[in-house]
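Reviewing the structure listed below.
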Amino acid sequence: MSGIVVIFDFDKTIIDTDSDNWVVDELGATDVFNQLLPTMPCNTLMDKMMEELHLNGKTIEDIKQVLNRVPIHPQIVPAIKAAHALGCDMRVVSDANTLFIETVLEHLGIRGCFSEINTNPSFIDEEGRLRILPYHDFHKSSHGCTLCPPNMCKGKIIERIQSTFTTEEKKTIIYLGDGAGDFCPSLKLAEVDYMMPRKDFPVWSLICENRHLVKSGVREWMNGEDFARILLHIINSMILTEDIKNNVDNTSQLFDCKFVTIAIGALPKPLYVPH
């Protein structure tokens with residue numbers, strides 16, 4: 001392993017849409033969703049929407065078929081496979097749900113790249129309906145974070161992942177995300193880590209407004225091409241730096257999503273935030 005832990009949000013990061021909205025829209029339940037949206041938390045709403053779809057005759061197979069058509073930039077999958085081949089420990093931290101994420105990753109052929117998926121649990125009940133539960137059961141107790149929705153604090157998940165690192169291990173986290181819920185975990189990253197916010201999305205705006213609170217390096221990205229190029233630049237440069245330090249020549253093994261060597265000098269410039 002390279003000592004690099006890459007943590008991905010799912011919606012609008014790995015895939016280029018919100019999986020909840022995609023399923024609801026594609027299966028014709030947008031109007032009901034919009035009516036209920038102001039009345040309950042999103043996680044609770046999605047469980048309710050799965051009931052609505054079930055009552056309208058939509059099956060689990062219908063949901064999976066819709067998920068298999070979800071839009072994704074063509075460079076995302078090669079980039080994930082490349083990062084995995086370079087020895088990165090890959091994980092997902094997402095406010096979607098287990099069935100949605102695993103269905104998409106399996107369809108794309110990259111489920112095996114990820115050692116862990118942290119998301120809202122889901123299961124199929126005896127009636128064949130998909131049930132979606134909160135990651136943090138806020139009906140029993142609050143997770144205590146005011147930055148995050150009641151069902152999931154991604155910052156606490158990052159802290160749990162960090163707690164598994166031993167003092168002998170030198171681990172670097174690269175975190176990619178887009179939404180407001182990705183701001184809390186960005187505050188948990190150390191100076192050696194990297195935050196990759198999607199430009200012009202909520203987490204990017206929050207970081208721009210609060211740059212002094214984020215200790216890690218920040219590398220913004222806009223689309224799948226940026227996602228692949230910047231992520232693999234960071235990974236390759238870190239591996240190359242470590243190899244130089246250890247007097248090891250592994251340059252032939254460094255590649256990006258197009259499987260070409262990347263020079264360390266090609267690293268993107270840090271995010272500029274005016275004061």
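By convention here, the first residue in the shown sequence is residue 1.
Atom-to-atom distance recorded for Cys42:SG and Leu36:CG is 11.5 Å, nearest 0.5 angstrom. If you take CG on Asp226 and CH2 on Trp221, they are separated by 8.5 Å, rounding to the nearest 0.5 Å. Remark: Cys88 SG to Met238 CE distance equals 8.0 Å, nearest 0.5 Å. Taking CG of Asp9 as the reference point, atom CE of Met196 lies at 12.5 Å (rounded to 0.5 Å). Taking CG from Leu176 and CZ from Phe227, the interatomic distance works out to 5.5 Å, rounded to the nearest 0.5 Å. The structure places CD1 of Ile174 at 11.5 Å from CG of Asp89, a figure rounded to the nearest 0.5 Å.
Here the side chains of Leu240 and Asn236 are not in contact, with every heavy-atom distance at 4.5 Å or above. Side-chain atoms of Gln162 and Ile173, non-hydrogen and from C-beta on, do get closer than 4.5 Å to each other. Looking at heavy atoms from C-beta onward, Ile101 lies in side-chain contact with Val92 at the 4.5 angstrom threshold. Looking at heavy atoms from C-beta onward, Met49 lies in side-chain contact with Val32 at the 4.5 angstrom threshold. With a 4.5 Å cut-off on side-chain heavy atoms, Trp204 and Val218 do not count as touching. Using a 4.5 Å heavy-atom threshold, the side chains of Cys145 and Cys148 count as touching. A 4.5 Å side-chain heavy-atom check between Tyr135 and Asp95 finds every atom pair outside the cut-off. Using a 4.5 Å heavy-atom threshold, the side chains of Ser216 and Ser186 count as separate.
Taking all atoms of both residues into account, the shortest heavy-atom contact from Asn120 to Met152 is N-CE, 4.0 Å. In this structure, Tyr194 and Leu189 approach most closely via the heavy-atom pair O-CD1, 3.8 Å. In this structure, Ser115 and Arg91 approach most closely via the heavy-atom pair OG-CG, 3.6 Å. The two residues Pro134 and Pro121 have their closest heavy-atom pair at O-CD, 3.8 Å. Closest approach of Leu187 and Lys215 over heavy atoms only: O-NZ, 4.1 Å. The shortest heavy-atom contact between Thr13 and Ile76 is O-CD1, 4.0 Å.
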Is there a side-chain contact (heavy atoms from CB on, under 4.5 Å) between Ile63 and Lys58? Walk through the geometry before answering.
CA-CA 7 Å; Ile63 294 171; Lys58 303 300 182 183; 5.5 Å; no
Trace of the side-chain hydrogen bond (donor to acceptor under 3.5 Å, both in side chains) decision for Asn97 with Thr119
CA-CA 5 Å; Asn97 68 80; Thr119 190; over 6 Å; no
As a quick check of understanding, evaluate side-chain contact (heavy atoms from CB on, under 4.5 Å) for Asn68 and Val104, giving each step before the final call.
CA-CA 6 Å; Asn68 289 343; Val104 171; 5.8 Å; no
Show your reasoning for whether side-chain contact (heavy atoms from CB on, under 4.5 Å) applies to Ile132 and Phe123.
CA-CA 7 Å; Ile132 300 174; Phe123 68 95; over 6 Å; no
With side-chain contact (heavy atoms from CB on, under 4.5 Å) as the test, would you mind laying out the steps for Phe165 and Val5 before giving the verdict?
CA-CA 11 Å; Phe165 303 161; Val5 181; 3.9 Å; yes
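Under the 3.5 Å distance criterion, the side-chain polar atoms of His143 are matched with a main-chain donor or acceptor of Pro149. For Arg211 (side chain) and Val214 (main-chain N/O), a donor-acceptor pair under 3.5 Å exists by modelled atom type. The closest donor-acceptor contact from the side chain of Asp62 to the backbone of Thr59 lies under 3.5 Å. Remark: side-chain polar atoms of Thr44 are not paired, donor with acceptor, to backbone N or O of Met40 under 3.5 angstrom. Panel note: side chain Arg160, backbone Ser163; no donor-acceptor pair is recorded below 3.5 Å. Under the 3.5 Å distance criterion, the side-chain polar atoms of Ser122 are matched with a main-chain donor or acceptor of Leu99. Side chain of Thr103 to backbone of Phe100: no donor-acceptor contact under 3.5 angstrom is found. Judged by distance alone, the side chain of Asp11 and the main-chain N or O of Ser19 form a donor-acceptor pair under 3.5 Å.
Under the 4.5 Å side-chain heavy-atom criterion for grouping Ile, Leu, Val, Met, Phe, Trp and Tyr, Val23 is connected to Ile117 within one hydrophobic cluster. Note: the hydrophobic cluster containing Met46 does not contain Leu133 (ILVMFWY, side chain heavy atoms under 4.5 Å, direct or indirect links). If you chain together hydrophobic residues whose side chains sit under 4.5 Å apart, Leu147 and Val203 fall into the same group. Val70 and Met50 fall within the same hydrophobic cluster, where Ile, Leu, Val, Met, Phe, Trp and Tyr residues are linked whenever their side-chain heavy atoms come under 4.5 Å apart, directly or through other members. In the hydrophobic clustering of ILVMFWY residues, with side-chain heavy atoms under 4.5 Å counting as a link, Ile230 and Met222 come out apart.
Of the residues listed (Arg198, Lys154, Lys188), the one engaging Asp182 in a salt bridge (Lys or Arg N to Asp or Glu O under 4.0 Å) is Lys154, and it is the only one.
Among residues two or more places apart in sequence or in another chain, the side chain to side chain contact (heavy atoms under 4.5 Å, CB included) test is passed with Asn56 by Glu52. Checked against salt bridge (charged side-chain N to carboxylate O under 4.0 Å, His left out), Glu106 has no partners two or more places apart in sequence or in another chain.
For the pair Arg131 and Asp47, the salt-bridge criterion is met [side-chain N within less than 4.0 Å of a carboxylate O]. Taking a cutoff of 4.0 Å between a charged side-chain nitrogen and a carboxylate oxygen, Glu102 and Lys64 do not qualify as a salt bridge.
Residue pairs meeting the salt bridge (charged side-chain N to carboxylate O under 4.0 Å, His left out) criterion with at least one member in residues 27-40, sequence neighbours excluded, do not occur.
Remark: the Thr172 side chain and the Asp193 side chain contain no N/O donor-acceptor pair separated by less than 3.5 Å.
Ring centroids of Phe8 and Tyr175 are separated by 6.0 Å or more, keeping the two rings apart.
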